[in-house]
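One-based numbering, in listed order, for ligands and for the atoms of each. All figures in this text were calculated on a predicted structure; none of them were measured in a lab.
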Amino acid sequence: MKIQNICCIGAGYVGGPTMAVIAQKCPHIKVTVVDINESRIAAWNDDNLNNLPVFEPGLDQVVQDARGRNLFFSTNVDEAINNAEMIFISVNTPTKTYGKGKGMAADLKYIELCARQIARVSKTDKIVVEKSTLPVRTASAIKSILDSTGNDVKFQILSNPEFLAEGTAVDDLLEPDRVLIGGDPTTNEGKKAIDSLVEIYSNWVPREQILTTNVWSSELSKLTANAFLAQRVSSINAMSEICEKTGADVNEVAKAIGMDSRIGPKFLKASVGFGGSCFQKDILNLVYIAKSYGLDEAANYWEQVVIMNNHQKQRFSDNIVSTLYNTVSGKKIAFLGWAFKKDTNDTRESAAIKVADNLLSEQAKISVYDPKVIAERMYADLDYLNSRGSDENRDLLSVHKNPYEACEESHGIAILTEWDEFKDYDWERIYASMKKPAFIFDGRGIMDKNQLENIGFEYYKIGSGE
Ligand code: NAD
Ligand code: UGA
């Protein structure tokens, strides 16, 4: 099937950038991204590219190239579904917050709603592509819904998980390590569906990097990739604690092991804990799947990655309290960074939220500076935890547009995100404005210990036992 019209349901962190790149690279295909969230669609259509709902380096240029030419953002979901030969489902698949599997399983209600809407609206044959991250075998549920329409429309289901990381989304999409397409090669229609998606990516991705598998392998590979990546972070974080007790330095250890080509250097940066919308969610989902097959050892093995991550956040805030003479009550702690990593305004599951919550429970006063995250987002993150009233959160935590102001009169500074600009601040000026002794708790290991200690700071770096 020659694809001329694509519809993508879900204009979020994945749907927006992914479709923008497809539209930029395939000017012959009309791409319409739809969402029920009107303000999100309005932001994607905003003339001022600084107002796009997702901040990603380079995204503004891609959107500018394609928007209005062959890239459109709309709230008219039915129309876009009906006009498309290929429909990507890119809606959110959060952890369930209710019922069976609460706190572990993926909530598939948005996926099912999409499938039902596609089934209801479609008048011509469609290829439906799972772009969202889904539990293995979800495609069979989607197929069952789509095949029960009774209107003779035929559907092919493909799995095409997304591997982009936030902050580097555009580069990851333009030059992916691989594109994974799962489909059913045992039927003619299945083969054709796979070929049409391969053809789209072939417009800019070398053919040998486009991998085709069966649907179940594709679905499971996505969960596996995230589990392995998160496991590396938890592994190095576990070592960071051992380094602190033994006088080793985790960066040196990471370098030493990373030079072994079998281990490799990436994803070995010790931190205050991984965040982001997916690592925890996808591992818990994997754990749930394993448990549901009675595979308790496999489930417990992977769950430990999340347990270690929670421990890392907890011990970071515990260390702040014990270092500040076992009490932070009424003391001002400055936070540099709130986003879950640099170069994004996304805060989902950011370690900063848990560290702040722990310190607020100890009655600390927190002043935050993050170059990209707005105050409303930070308050929403804290309110969501329900640890205290929202008025109290606003009383105890202040948000600043200027890092020097955030650090003024503070007893300690906690670095929660590895934004590059932090390294270039006038640290002498910051030191002069703080209470003494002035502490820095570097949860990202980005600062120069000697430089800061020469100024007079008491410097704690995650994973450094010196
Ligand atoms: P998101 O929350 O940013 O966006 C999802 C969008 O879907 C929202 O705007 C929501 O309004 C919309 N939506 C939900 N139900 C809808 C419906 N019935 N009709 C129309 N719109 C609907 O989520 P995201 O971060 O883009 O993640 C989407 C999926 O991609 C998830 O499964 C996630 O695990 C996966 N993923 C995310 C990333 C990432 O970096 N964020 C990377 C790879 C994979
Ligand atoms: C991650 C994966 O890298 C993507 O491949 C995947 O598509 C995506 O999840 C997803 O499925 O959502 P993302 O969460 O955007 O991408 O960002 P990462 O760069 O993976 O970082 C995740 C967290 O781990 C961040 O908090 C980061 O600071 C932390 N991290 C990462 C470390 O603490 N140390 C490291 O060495 C690497």
Between [X] and ligand 2, find which residue part has any heavy-atom pair under 4.0 Å and reply side chain, backbone, both or neither.
X    : value
R444 : side chain
N226 : side chain
K222 : side chain
N237 : neither

Has R232 got any heavy atom lying under 4.0 angstrom from an atom of ligand 2?
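Heavy atoms of R232 never come under 4.0 Å of ligand 2.
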[atom] - nearest protein heavy atom and its distance:
atom                    : answer
atom 20 (O) of ligand 2 : F267 CZ, 3.1 Å
atom 12 (O) of ligand 2 : C278 SG, 2.7 Å
atom 14 (O) of ligand 2 : F340 CE1, 3.5 Å
atom 30 (O) of ligand 1 : V14 CG2, 3.5 Å
atom 25 (O) of ligand 1 : R348 NH2, 3.1 Å

[X] and ligand 1 - part of the residue with a heavy-atom distance under 4.0 Å:
X    : result
E56  : neither
S277 : side chain
I36  : both
L164 : both
Q117 : neither

Kindly state whether the ring of F228 and the ring of W302 have centres lying under 6.0 angstrom apart.
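That pair passes the under 6.0 Å test.
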Can a cation-pi geometry be assigned to R178 and F163, taking NZ or CZ under 6.0 Å from the six-membered ring centre and within 45° of the ring axis?
yes
Less than 6.0 angstrom from the centroid, inside 45 degrees of the normal: does K131 satisfy that with respect to the ring of F88?
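No, a cation-pi geometry is absent between K131 and F88.
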Does the side chain of I29 reach to within under 4.5 Å of the side chain of M86, using non-hydrogen atoms?
no
Looking at [X], which atoms of ligand 2 are within less than 4.0 Å of one of its heavy atoms?
X    : value
E162 : 7 (O)
L229 : 2 (C), 3 (O)
S271 : 32 (C), 33 (O)
L268 : 36 (O)

One thing to verify: whether R315 and E244 come together as a salt bridge, which I'm taking to mean a side-chain N less than 4.0 angstrom from a carboxylate O.
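Salt bridge: yes.
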Sidechain N-carboxylate O distance under 4.0 Å for D346, K341:
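No, no charged N to carboxylate O under 4.0 Å.
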Are Q314 and D318 close enough that a side-chain donor and a side-chain acceptor fall under 3.5 Å?
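Looking only at side-chain atoms, D318 and Q314 do form a donor-acceptor pair, the distance falling under 3.5 Å.
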Evaluate K281 for polar contact with ligand 1, using N/O atom pairs at a separation under 3.5 Å.
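Yes; the residue has a nitrogen or oxygen that sits under 3.5 Å from a nitrogen or oxygen of the ligand.
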Should K131 be counted as touching ligand 1, given the test is an N or O pair under 3.5 Å?
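No, K131 has no N/O under 3.5 Å of an N/O on ligand 1.
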Counting only heavy atoms not in Y98, do more than 12 sit closer than 6.0 Å to its OH atom?
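Enclosed: over 12 neighbouring heavy atoms sit under 6.0 Å from OH of Y98.
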Check whether more than 12 heavy atoms from other residues, nucleotides or ligands sit under 6.0 Å from atom CG of D177, and answer yes or no.
no
